[in-house]
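Down below is the structure, laid out as C-alpha cells.
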Amino acid sequence: MTDQYLTVSALTRYIKRKFELDQHLTTVWLRAEISNFKHHNRGHMYFTLKDDQARIMAVMFNGYNRALNFQPENGMDVIVKGQVSVYEAQGQYQLYVHEMIPDGVGALHVAYEQLKANLEREGLFSETRKLPIVKFPKRIAIVTAKTGAAVRDIISTIMRRYPIVDVTVYQTLVQGNDAKFEIVDRLKQINQEASADTIILGRGGGSIEELWAFNEEMVARTIAESSIPIITGIGHETDFTIADFVSDLRAPTPTAAAELAVPSLVEVTRELKQLTGKLDEQLMQRLKDKKYQLERLTSSYAFKYPKQLINEKEQELDRMVDRLQKASLRQAVEKRQAFDYLVKRIETVDLKHLVKQEQVKIDQRKKQIETNFYQQYQRHLQRFQTQLNKLELLSPLKIMQRGYSLSYDKNKQLVKSVKQIVPGDSLTLRLRDGDLDCQVWGIEEKDNVTGGKKNGERKEF
Amino acid sequence: MAKEKSFDDVMSELENIVEKLEKADIPLEEAVDYYQKGIELSKWCDERLKHVEDKVVSLIDENNNKVPLDDEEV
Amino acid sequence: MAKEKSFDDVMSELENIVEKLEKADIPLEEAVDYYQKGIELSKWCDERLKHVEDKVVSLIDENNNKVPLDDEEV
Amino acid sequence: MAKEKSFDDVMSELENIVEKLEKADIPLEEAVDYYQKGIELSKWCDERLKHVEDKVVSLIDENNNKVPLDDEEV
Amino acid sequence: MAKEKSFDDVMSELENIVEKLEKADIPLEEAVDYYQKGIELSKWCDERLKHVEDKVVSLIDENNNKVPLDDEEV
Amino acid sequence: MAKEKSFDDVMSELENIVEKLEKADIPLEEAVDYYQKGIELSKWCDERLKHVEDKVVSLIDENNNKVPLDDEEV
Amino acid sequence: MAKEKSFDDVMSELENIVEKLEKADIPLEEAVDYYQKGIELSKWCDERLKHVEDKVVSLIDENNNKVPLDDEEV
C-alpha cells in the first residue's frame with residue numbers, strides 16, 4: 001500500500017514539469033498592479049501582481065531587472081512578460097518576470113514587440129535582403145518634416161561633405177495618425193520617379209508615441225519594398241524603431257544618416273589620387289617584373305654562354321678521338337707483339353742444329369757399321385787363321401822331314417802298293433823339300449807289311 | 001565613357017583594376033590594357049570631382065510642388 | 001613571330017627553352033635550334049617591352065598633364 | 001653520311017666503335033674497319049661541330065648587334 | 001695466300017706451326033716444311049700488319065692535322 | 001733408293017743394320033752385304049741431309065733478307 | 001769350289017779337316033789328302049777374305065770421295 005504514496009518533492013517536481021511543458025505558461029503577457037514590492041539587496045525583485053479578484057507571486061531576477069528604465073513601486077500598473085513556474089521549496093507557483101514596462105505605453109509596446117517578432121519571422125530584417133548603400137550618390141531624397149532640426153542637420157551635413165550631390169527634401173508629417181500614410185506615399189513616389197539613388201528617412205528625437213509612425217507595419221513594409229536603399233536616422237541613439245530594423249542602414253541620428261549617405265569629397269579625392277598613383281606604381285612594377293624576368297632568362301648560363309654547349313661536345317669528341325686512336329694503336333701493337341713473339345719462336349727453332357744432329361747420327365751409324373763390320377771381319381779372319389795355323393801344324397809334310405817320301409803316280413794318286421805300278425811308269429817322289437820325277441825300273445814285290453819278299457818275284461822294266 | 005555610369009561604379013572599377021594590377025602574375029598586355037583603362041577611369045573621376053556645381057536643394061512640399069529650399073532654412 | 005602571341009606566352013616559351021638549354025644532355029642540333037629560337041624570342045620580348053614602355057610613358061605624360069602625380073614615381 | 005643523322009647519334013655510333021676497339025680480342029681486319037669508320041665518324045662530328053660553332057657565333061653576333069648584353073661575357 | 005684469309009686465322013695457323021716446331025721429336029723434313037710454311041705465313045702477316053700500321057699511322061697523322069689533340073697523348 | 005723414302009725411315013733402316021752387324025754370329029757375306037747396304041744408306045742420308053741443309057740455309061737467308069728483324073737475333 | 005758356298009760353310013769344312021788331321025791314327029796318305037784339301041780350302045778362304053777387304057776398302061774410298069763430311073768425324 002505504501003508504494004502508492006508519493007513524496008512531496010516528487011509531486012512538486014511533477015507539478016513543476018507540467019507548468020514548464022505548458023506553452024501558454026512559458027510566455028505570458030500580463031497587465032497588473034504591483035504590491036508587496038521588495039528590491040532585495042542582492043538585486044532580485046520580489047513582488048505580488050494583482051487585479052481586483054486575484055494575485056500571483058512574482059520575481060524578477062537581477063539579470064532581467066537591470067534593463068529597466070524606470071523604478072517599479074507599489075500601486076504601479078505595469079505590463080510584464082514572463083514565465084509561470086513552481087518554487088519547489090514553498091510549493092508555490094509564481095511568475096518569473098523577464099520584461100516589465102509601465103502600463104499606458106504598455107499597449108504600444110506589445111504591438112511593437114508583436115510586429116517586430118512577426119516581421120523578423122518573415123525575414124524582413126535579414127541582412128541578406130538589405131540593399132547596399134551607394135557609395136557616391138548623385139541624388140539623395142530626404143523624407144522628413146519640412147522644418148525642424150532634422151532636415152537642417154541632414155542638408156548641412158551633406159553639403160559640407162559632398163556638395164556635388166543633388167538633394168531633394170520630400171516633406172512629410174512625421175507624427176500623428178496621418179504621418180504613416182504620408183511617409184508611405186513619399187517613399188513610393190520616390191521609387192516610382194526613380195528620382196534618387198539614396199533615401200534618408202529622418203526624424204528628430206521624441207517620445208515613443210511621437211516616433212510611433214516609424215513603428216507602423218505599413219511603413220515597415222514600404223521600406224522593405226523600396227528598390228532604392230534607405231538610410232534611417234530616427235530619434236536618438238537609444239531609439240530603435242521598426243523602420244530602423246527594416247531599413248538598409250540604420251543611423252543613430254539624422255545627422256549620422258547624412259554622414260552615412262555621402263562620402264567626404266576630400267576623402268574621395270584623396271582616394272582617387274591614391275588609386276591613380278597605385279595604377280602607375282603597379283604598372284611600373286609589372287614592367288619591372290617582366291624586364292627582370294626577361295633579363296634573368298637571357299642571362300641564364302646556357303643562354304649567355306651558348307659556346308659552352310659546343311665546348312662540351314668538342315671535348316667529348318676529342319676524348320672519343322683519343323680513345324679511338326689509342327684503341328686502334330693498341331690493337332695494332334698487340335697484334336704486332338703477338339706476331340713478333342711467334343716470329344721469335346720460329347727463329348729460335350734451330351734447323352741447322354737439327355741438321356747437325358742428324359749428321360752426327362748418320363756419322364755415328366756409319367762408324368758403328370764400320371766398327372761392327374770390322375769386328376765381324378776380324379772374327380772371321382781369326383777363325384780362319386786359327387784353322388790355318390792348326391792345319392800347318394798338322395801338315396803331314398813334317399813327317400817327311402824324317403826321310404819319308406810320298407810317291408804319286410802320273411795321276412797324282414798316292415802310290416800305296418807296287419801293284420799300282422808297272423815298270424816304266426813315271427812316279428813323282430815327294431820329299432820334304434821337293435819332288436823328284438822318277439821312272440820305275442823294276443818292281444819287287446814283298447809280303448805283307450812285314451816286309452818279307454813274296455816269292456822273290458821281281459818285275460823289271 | 002557613358003555618362004550613365006555612376007561615380008561609384010567607376011571608382012569600384014578603378015579599384016578593381018588596381019587590385020588586378022597588383023597581382024604579380026598578370027600578363028603584360030593585360031596589365032597595359034588595365035592601366036590604360038584605369039587612367040581613363042581616373043580622368044573621368046577627376047573631372048567629375050572637379051566639376052562641382054552649386055547644387056540646389058529643392059523641396060517637394062505638401063502639394064508636390066518642387067520649390068527651392070530657402071537658404072536661410074537650411 | 002605572330003603579333004597575336006602574348007608577351008607572357010613568349011616568356012614561357014623562352015623559359016622553357018632556357019630550361020632545356022640548361023639540361024646537360026641536350027643534343028647538339030637541338031641545343032643550337034633552341035638557342036636560335038631563344039635569341040629570337042628574347043628579341044621579340046625585348047622589343048615588346050620597349051614598345052610597352054614607350055606607350056606607358058606617353059600615357060603617363062598625358063595623364064600627368066591632367067592628374068599630376070609624384071614625378072619621382074613615374 | 002646522311003645529313004639527317006644528329007651529332008649525338010653519330011657520337012654514340014663512334015663511342016660504340018671505340019668500345020669495340022677497346023676490347024682486346026677483336027680480329028685485325030675488323031679493327032681496321034672499325035678504326036676507319038671511327039675516323040670517318042669523328043671527321044663528320046668535327047665538321048658538324050665547326051658548322052654549328054659558326055652558326056652560334058653568327059647568332060651571337062647578330063644578337064649582340066640587336067640586343068647588346070655584356071660584351072665581355074658573350 | 002688467299003686474300004680472304006683473315007690475319008687472325010693466319011696467326012692461329014702460324015702459332016700452330018710454331019707449336020709443332022717446338023716439339024722435340026719432330027721429323028727433320030716435317031720441321032723444314034713447317035719452317036718454310038711458317039716463314040711464308042709470317043711474311044704474309046708482317047705485310048698485313050705493316051699495311052695496317054701504315055694505315056693507322058697515316059690516318060692518325062691526317063687526323064692530327066685536322067683535329068690537333070695533345071701531342072703527348074696521341 | 002726411291003725418293004719417296006723418308007729420311008727417318010732410312011735412318012731407322014740404318015740403325016737396323018747397325019744392330020744386325022752387332023750380332024756375333026753373322027755370316028761374312030751377310031756382314032758384307034749389310035755393310036754395303038749401310039754405306040749406301042748412309043750416303044743417301046748424307047746427300048739428303050745436305051739437300052735439307054741447303055734448303056734450310058736458303059730459307060734462313062731468304063727470311064733474313066725479307067723480314068729484317070733485330071740483326072743480333074737472327 | 002762353287003761360288004755359292006759361303007765363307008762359313010767353307011770354314012766349317014776346313015775345321016772339320018783340321019779335326020780329322022788332329023786324330024793321331026790317321027794314315028799319312030789320308031792326312032796328306034786332308035791336308036791338301038785343307039790347304040785348298042784355306043786358300044779359298046784367304047781369297048775370300050782378301051776379296052772382302054778389297055771391297056770394303058773400295059766402298060770406303062767411294063764413300064769418302066762422294067760425300068766428304070768432316071774429316072775428323074769419318
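Chain letters run A, B, ... following the sequence lines, proteins first, then strands; residues in each count from 1.
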To the nearest 0.5 Å, what is the distance between CG (A/Leu394) and CD (G/Glu19)? 11.0 Å
Which atoms of G/Ile39 are under 4.5 Å from chain A, going by heavy atoms: the side chain, the backbone, both sets, or neither? both
Got A/His380 and G/Asp8 here, is their nearest side-chain heavy-atom distance under 4.5 Å? yes
Does atom NZ (A/Lys290) have a neighbourhood of more than 12 heavy atoms from anything else shown, all under 6.0 Å? yes
Measuring from atom CG of G/Asn16 to atom CD of A/Gln387, what distance do you get when rounded to the nearest 0.5 angstrom? 10.0 Å
Below 4.5 Å from any heavy atom of chain G, which atoms of A/Phe373 appear? Answer side chain, backbone, both or neither. side chain
Pick whichever of A/Leu381, A/Thr386, A/Leu391 has the most heavy-atom pairs under 4.5 Å with chain G. A/Leu391
Below 4.0 angstrom, N of the basic side chain to O of the carboxylate: do A/Arg383 and G/Glu15 qualify? yes
Using a cut-off of 6.0 Å, state whether more than 12 heavy atoms not belonging to G/Gln36 lie near its atom CD. yes
Apply side chain to side chain contact (heavy atoms under 4.5 Å, CB included) to the pair G/Val52 and A/Tyr377, showing each step before the final yes or no. CA-CA 8 Å; G/Val52 166; A/Tyr377 179 77; 3.7 Å; yes
Can you tell me how far apart CG (G/Leu21) and CG (A/Leu393) are? Round to the nearest 0.5 Å. 11.0 Å
Should A/Phe384 and G/Asp46 be marked as a side chain to side chain contact (heavy atoms under 4.5 Å, CB included) after you check the CA-CA gap, both sets of side-chain angles, and the distance that decides it? CA-CA 8 Å; A/Phe384 168 66; G/Asp46 191 50; 3.5 Å; yes
